[in-house]
Colleague: 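Let me give you the structure first, and then I'll get to my questions.
Remember, it's a predicted structure, so these values are computed and weren't measured experimentally. Throughout, protein chains are lettered first and strands after them, A, B, ... in sequence-line order, and every chain is numbered starting at 1.
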2 protein chains.
Amino acid sequence: MDNLLFLLLRLGAHKKFVQSTTIEIGNLLKMSQQNASRKILLLEKENLIERKNNLIKITKKGMELILQEYLQLKQLIECETLFFVGAVVEGLGEGKYYLSLPGYKKAIKDALGFEPYPGTLNLKLDEKEHLKRAYLKELDPILVKGFSTKERTFGDLFAYPCVVDNLKCAIIVPVRTHHGTEILEIIAPSELKKKIGDKVRVELDF
Amino acid sequence: MDNLLFLLLRLGAHKKFVQSTTIEIGNLLKMSQQNASRKILLLEKENLIERKNNLIKITKKGMELILQEYLQLKQLIECETLFFVGAVVEGLGEGKYYLSLPGYKKAIKDALGFEPYPGTLNLKLDEKEHLKRAYLKELDPILVKGFSTKERTFGDLFAYPCVVDNLKCAIIVPVRTHHGTEILEIIAPSELKKKIGDKVRVELDF
DNA sequence: ATTACTATCATCCGAGTAT
DNA sequence: TATACTCGGATGATAGTAA
């Protein structure tokens, strides 16, 4: 938004005519008196402010402009953080196996900054949450590099940082996954299962 | 606010890297491709946005800038007082030590009008509140003068008056602090910990 | 295709000053 | 005192074009 209009708002010029000299305004906006004067004239010409013996007030049109920007910001910023709610389910121990491999351990540490507890939390999403899962694709994943041994190749993983029980964790999805499952796999810096109930809320962290 | 930064916000660049060419951005902002390119470079140089193979994302610093403006607007337009929500955490007893020193006791009494209870309330901000913290910098702090003993020097403090549990308290930040922590230290005229739960709402008072 | 450099033109800003 | 004019220099935007 225009700096001067914003300043006038802070001076309360949306509620009443305020008194301020062009020198003061110039100082507040770090510009010369002359330029402040010029900018005031410009806003006045656009009917965004009105003046009455050197008192200034923001007009209805000016407030509409401000409100318009404010409401856009509000929508963009206050939108609820994305979260999933689901129930803890028993996995097949696969997660435990993968996370015990030094290759993944190191790759996760490098990518996410924490050493994963050897065991994933498997979360079965509530019915209502299924559609939300698609939203993961909209986010930027962090790439956890895979690795190879003589026997086989372990593929790359996508990691989506999230918060569970106030712990910074991550949702893990193999890059080469074919079916969007309703089960989310979560890795954490420490054991989660014992500390939380069987209904878990996962806040996405971006 | 800067038009380009606002546009990027609308494109969702606060959540993820977004793809947009300089021609598109130029069209949206009604300026030439060349100028759009130039403005992007400027924002990048200020660390307000980051780029990765022509994808653009708003940085933490950029979001703080946006939040700062948004919170000011919110407060002015909705007349809502600014507040932080967080959880009480145990400190290291440092606060207790400092507040037991007659030098700080007197300086706080002089600056804020109350004798502090010897012990700070340490508040860990909720995840969603982290960015809000930047807003403290926008407020006018009250200066609590430091002092010296033979052994060492105790530095100045910034105090931000606030209200917790209907008590006039203050958020304390050492002037020479290097890292914006997500923990707020609060001093109060009387013991707070026992009276409140572990979720606390701190209303800024200005 | 894209980004971004250079040169030129336009707009903005500050100093001096009239009112 | 105050606001706001003119004018020269600084900053910003566009067109052409290289990479």
Side-chain angles (χ1 to χ4, degrees), chain A residues 1-63 65-66 68-69 137-141 143, chain B residues 1-63 65-66 68-69:
Chain A
M1 184 196 322
D2 180 86
N3 276 337
L4 174 54
L5 200 58
F6 193 31
L7 173 66
L8 291 170
L9 183 70
R10 279 181 295 183
L11 294 177
H14 55 313
K15 293 183 180 164
K16 54 168 187 164
F17 280 90
V18 296
Q19 181 156 38
S20 185
T21 68
T22 53
I23 290 185
E24 267 176 21
I25 291 175
N27 287 335
L28 289 168
L29 294 179
K30 288 163 191 179
M31 60 174 62
S32 64
Q33 172 272 320
Q34 294 88 338
N35 200 30
S37 168
R38 192 182 128 262
K39 284 182 161 282
I40 289 168
L41 287 168
L42 287 174
L43 285 191
E44 203 176 9
K45 202 183 286 177
E46 289 184 86
N47 277 313
L48 298 174
I49 63 172
E50 54 183 317
R51 280 196 287 183
K52 209 166 65 183
N53 4 300
N54 291 340
L55 299 177
I56 307 179
K57 192 180 175 198
I58 299 173
T59 62
K60 189 158 179 287
K61 186 178 169 200
M63 278 314 292
L65 190 75
I66 291 170
Q68 186 184 313
E69 178 159 331
K137 287 183 216 140
E138 289 301 303
L139 302 178
D140 281 321
L143 193 71
Chain B
M1 185 196 321
D2 180 87
N3 276 337
L4 173 54
L5 200 58
F6 192 33
L7 173 66
L8 291 170
L9 184 71
R10 278 179 297 184
L11 294 178
H14 54 314
K15 294 183 182 167
K16 56 166 186 162
F17 281 89
V18 297
Q19 181 155 38
S20 185
T21 68
T22 52
I23 291 185
E24 266 176 24
I25 290 174
N27 287 337
L28 288 168
L29 294 179
K30 288 164 191 180
M31 60 174 62
S32 65
Q33 172 272 320
Q34 292 89 338
N35 201 31
S37 168
R38 194 181 125 262
K39 284 182 162 283
I40 289 168
L41 286 168
L42 287 175
L43 286 190
E44 202 176 10
K45 201 182 290 175
E46 290 184 86
N47 277 313
L48 298 174
I49 63 173
E50 55 183 318
R51 281 195 286 183
K52 209 166 65 181
N53 3 297
N54 290 342
L55 300 176
I56 306 178
K57 191 177 176 199
I58 300 173
T59 62
K60 189 158 180 284
K61 185 178 168 201
M63 279 313 292
L65 190 76
I66 292 170
Q68 183 183 310
E69 178 159 331

Colleague: Whole-Å distance between C:dT3 P and B:N35 CG?
Modeller: 14 Å

Colleague: Is A:Q34 side chain donor-acceptor paired with the C:dA15 base, going by distance under 3.5 Å alone?
Modeller: yes

Colleague: Using five pairs at each end of the helix from C:dT2-D:dA19 to C:dT19-D:dA2 to define an axis, what is the angle between those two axes, to 10°?
Modeller: 40°

Colleague: Roughly, in whole Å, what's the span from CD1 in B:I40 to C1' in C:dC5?
Modeller: 15 Å

Colleague: Using the closest heavy atom to pick a nucleotide of DNA chain C for each, name whichever of B:I23 or A:S32 lands nearer the 5' end.
Modeller: B:I23

Colleague: For a quick test of reading the model: is some side-chain N or O of A:N54 closer than 4.0 Å to OP1 or OP2 of D:dA2?
Modeller: no

Colleague: Between the protein and nucleotides 8-10 of chain C, list every N/O to N/O distance that falls short of 3.5 Å.
Modeller:
none

Colleague: Using a cut-off of strictly less than 4.0 Å, decide whether B:T22 has a side-chain nitrogen or oxygen near OP1 or OP2 of C:dT3.
Modeller: yes

Colleague: Between B:T59 and B:E50, do the side chains contain an N or O donor and an N or O acceptor separated by less than 3.5 Å?
Modeller: no

Colleague: Let me know, please, whether B:K39 or A:E44 comes out on the 5' side of the other along DNA chain D by nearest nucleotide.
Modeller: A:E44

Colleague: Within the 4.5 Å heavy-atom criterion, are B:M31 and B:K39 side-chain neighbours or not?
Modeller: yes

Colleague: Counting only side-chain nitrogens and oxygens, does A:R51 get under 4.0 Å of the OP1 or OP2 atom of D:dA4?
Modeller: yes

Colleague: Should A:E46 and A:L5 count as side-chain neighbours, where that means a heavy-atom distance under 4.5 Å?
Modeller: no

Colleague: Find the distance B:I56:CD1 to C:dT2:P and express it as a whole number of Å.
Modeller: 13 Å

Colleague: Find the distance B:R38:CZ to C:dT3:C1' and express it as a whole number of Å.
Modeller: 15 Å

Colleague: Do B:M1 and A:F6 come close enough that some side-chain heavy atom pair is under 4.5 Å?
Modeller: no

Colleague: Answer with yes or no whether B:Q33 presents, from its side chain, a donor or acceptor under 3.5 Å of a partner atom in the base of C:dA4.
Modeller: yes

